[in-house]
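Just below is one structure, and these are the notes that go with it.
Everything numeric here is computed off the predicted structure, so don't read it as measured data.
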Amino acid sequence: MAIARRKIKAKTIASDVEAGLGDNELMEKYQLSREKLQGVLRKLVDAGWITEMQLYERTTLTDSAITKAFLEARAALGGDVD
């Protein structure tokens with residue numbers, strides 16, 4: 001059984017990216033998994049709808065996200081969390 005493919009207008013999602021919608025907002029709005037969203041974003045770059053820099057800026061981790069991930073990993077391993 002084949003899964004039906006939906007069409008997403010490149011101009012519309014590119015506008016949302018430029019407007020600053022985050023991954024979660026885009027995934028909810030367009031009913032996409034994280035993997036599908038990454039594929040769509042890559043296609044937008046390849047087609048020239050968004051730039052490599054816009055894609056890069058979306059995928060960089062903030063210092064607070066890195067710190068949170070480190071603390072969660074440390075806690076999961078049984079280390080003290082200050």
Side-chain angles (χ1 to χ4, degrees):
M1 183 166 136
I3 297 175
R5 293 176 55 110
R6 292 179 297 113
K7 297 246 183 206
I8 298 173
K9 293 190 181 279
K11 182 177 183 177
T12 304
I13 194 167
S15 293
D16 287 340
V17 169
E18 289 186 6
L21 267 66
D23 287 358
N24 291 335
E25 295 164 309
L26 291 171
M27 289 187 303
E28 184 176 327
K29 180 174 181 177
Y30 295 100
Q31 300 177 348
L32 298 169
S33 67
R34 185 161 304 281
E35 294 79 24
K36 292 287 186 187
L37 176 61
Q38 294 306 314
V40 167
L41 293 174
R42 174 54 43 202
K43 287 179 181 180
L44 290 173
V45 170
D46 292 345
W49 284 98
I50 63 174
T51 66
E52 286 281 348
M53 183 57 77
Q54 287 171 307
L55 182 61
Y56 172 77
E57 288 170 348
R58 298 183 62 74
T59 59
T60 58
L61 294 175
T62 63
D63 287 342
S64 61
I66 293 170
T67 301
K68 180 180 176 190
F70 175 76
L71 293 175
E72 288 173 355
R74 186 172 164 190
L77 294 172
D80 293 332
V81 178
D82 299 318

Would you give the length of the straight line joining atom OH of Y30 to atom NZ of K9, rounded to the nearest 0.5 angstrom?
11.0 Å

M27 side chain near L21 side chain, heavy-atom distance below 4.5 Å:
no

Please enumerate all residues that pass salt bridge (charged side-chain N to carboxylate O under 4.0 Å, His left out) together with D16, with sequence neighbours excluded.
K29

Which atom names give the shortest non-hydrogen contact between E18 and W49, and what distance separates them?
OE2-O, 3.9 Å

Distance from L32 atom CG to I13 atom CD1, nearest 0.5 Å?
6.0 Å

Would you say that more than 12 heavy atoms from the other residues, nucleotides or ligands in this model lie under 6.0 Å from the CD of E25, or not?
yes

What donor-acceptor contacts under 3.5 angstrom involve side-chain atoms of residues 39-47, with partners at least two apart or in another chain?
from: R42; atom 1: NH1; to: E52; atom 2: OE2; distance (Å): 3.1

